[in-house]
2 protein chains.
Amino acid sequence: MTDVYRALAHPVRRKILAMLRKRAHTAGELADAFDLAKPTLSGHFAVLREAGLVSVERQGTSLIYRINLSVAEEALSSLMNMLGVGAPEAPRKAASKPKGRKS
Amino acid sequence: MTDVYRALAHPVRRKILAMLRKRAHTAGELADAFDLAKPTLSGHFAVLREAGLVSVERQGTSLIYRINLSVAEEALSSLMNMLGVGAPEAPRKAASKPKGRKS
DNA sequence: TCGGTATTTAGGGAATTACCAAATTACTGT
DNA sequence: ACAGTAATTTGGTAATTCCCTAAATACCGA
């Protein structure tokens with residue numbers, strides 16, 4: 001679980017996950033979305049892979065990255081459990097945003 | 001938000017938050033729960049403070065730490081939003097089976 | 001004000017992270 | 001086999017993280 005939080009701790013990696021949530025992307029497509037060298041992005045991909053947050057499949061010369069939602073949701077569950085807020089198992093209704101009553 | 005994820009990325013800090021969810025603790029009580037030197041724990045407290053995840057109040061010679069649930073829940077919301085979990089606009093994409101986990 | 005308790009700050013070392021350019025691997029079409 | 005495209009690995013440096021011991025700060029009671 002530490003690997004997952006660590007992976008989420010970098011803004012570039014969070015943006016990669018957000019892009020992958022919409023659809024799968026090749027490594028090159030993802031790399032083009034950032035103003036960083038490709039080896040740098042390749043390193044970020046490796047962190048996401050090691051956390052289990054993405055999976056990869058070769059297609060010709062390209063590598064297709066996909067988000068692994070079940071792992072990401074586990075992190076979410078763990079966080080919710082730590083905070084003692086409602087579980088995601090049965091989100092029947094749209095969860096309204098918490099209104100903050102303590103402060 | 002990066003500060004919050006960064007703070008969550010260390011197991012000691014996550015355990016501190018879990019302890020604080022049950023009740024407020026002094027710095028010394030928290031430090032006693034770990035096999036680490038007190039200055040090390042003090043550093044972890046500082047990371048949590050800078051992320052806004054905890055607040056602190058002096059009471060005599062002790063410092064009382066409390067979890068700041070609203071900030072933690074904001075991180076939760078952000079994560080849920082990033083994953084599209086519990087959100088009204090879930091993508092209806094048929095998830096193709098990712099067969100290979102090459103690693 | 002002095003001594004004791006609680007906690008942080010200062011300073012330093014080992015390990016990790018983030019970034020880049022250059023080299024390498026994997027695949028495809030000819 | 002050769003050249004071209006896609007992506008990773010290698011090797012290097014600067015910045016950051018994590019942990020420690022020692023010193024400083026804040027508070028309290030006598």
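Each chain gets a letter, A, B and so on, in the order its sequence line appears, and its residues count up from 1.
Remark: Tyr65(B) is in phosphate contact with dT8(C), judged by side-chain N or O atoms under 4.0 Å from OP1 or OP2.
Separation of the Tyr65(B) and Phe45(B) ring centroids falls under the 6.0 Å cut-off.
Counting any heavy atom pair closer than 4.0 Å across all strands shown, Ala37(B) reaches a base atom. Within the nucleic acid shown, Ser62(B) comes within 4.0 Å of sugar-phosphate atoms alone, with no base atom in reach, counting heavy atoms only. Residue Leu36(A) is classed as a sugar-phosphate contact, given heavy-atom separations below 4.0 Å to backbone atoms only. At a threshold of 4.0 angstrom between heavy atoms, the contacts of Phe34(B) with the nucleic acid are absent.
Residue Lys38(B) has its side chain nearest to dT7(C) when only dA7(D), dT7(C), dA26(D) are considered. Closest to the Thr61(A) side chain, of the nucleotides dA6(D), dA21(C), dC27(D), is dA6(D). Of the candidate nucleotides dC27(C), dC27(D), dT9(D), dT9(D) has the atom lying nearest to any side-chain atom of Ser42(A). Of the candidate nucleotides dT8(D), dC20(D), dA18(C), dC20(D) has the atom nearest to the side chain of Pro39(B). Picking from dA26(D), dA7(D), dC27(C) the nucleotide with the shortest atom distance to the side chain of Arg58(B) gives dA26(D).
Rounded to whole Å, the distance from CG on Leu63(A) to P on dC27(C) is 9 Å. Atom-to-atom, CG of Leu8(A) to P of dT17(C) comes out at 15 Å; the value is rounded to the nearest Å. If you take CZ of Phe45(A) and C1' of dA6(D), they are 12 Å apart, rounded to a whole angstrom. In this structure, the CD atom of Gln59(A) is 13 Å from the C1' atom of dT28(C), given to the nearest Å. Following rounding to the nearest Å, Glu50(A) (CD) and dT16(C) (P) show an atom-to-atom distance of 13 Å. Note: CZ (Arg6(A)) to C1' (dA15(C)) measures 12 Å, nearest angstrom. Whole-Å rounding puts the His44(A) NE2 to dT8(D) P distance at 13 Å. Between the CG atom of Asp32(A) and the C1' atom of dA6(D) there is a distance of 11 Å, rounded to whole Å.
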Practice prompt. Start with the C-alpha distance between Arg14(B) and Thr2(A), add both sets of side-chain angles, then the distance that settles side-chain hydrogen bond (donor to acceptor under 3.5 Å, both in side chains), and finish with yes or no.
Written response: CA-CA 9 Å; Arg14(B) 287 199 301 276; Thr2(A) 291; 2.8 Å; yes
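Minimum interatomic distance between Val4(B) and Ala75(B) (heavy atoms only, all atoms of both residues): CG1-CB, 3.5 Å. Considering all non-hydrogen atoms of both residues, Glu29(B) and Ala24(B) come closest at OE1-O, 4.4 Å.
Closest-nucleotide positions on DNA chain C for Gly43(B) and Gly60(A) were compared, and the one nearer the 5' end corresponds to Gly43(B). When each of Ala27(B) and Val47(A) is assigned the nucleotide of DNA chain C bearing its nearest heavy atom, the one mapping closer to the 5' terminus is Ala27(B).
Residues Leu20(A) and Leu48(A) have side chains not in contact (no heavy-atom distance under 4.5 Å, counting atoms from C-beta outward).
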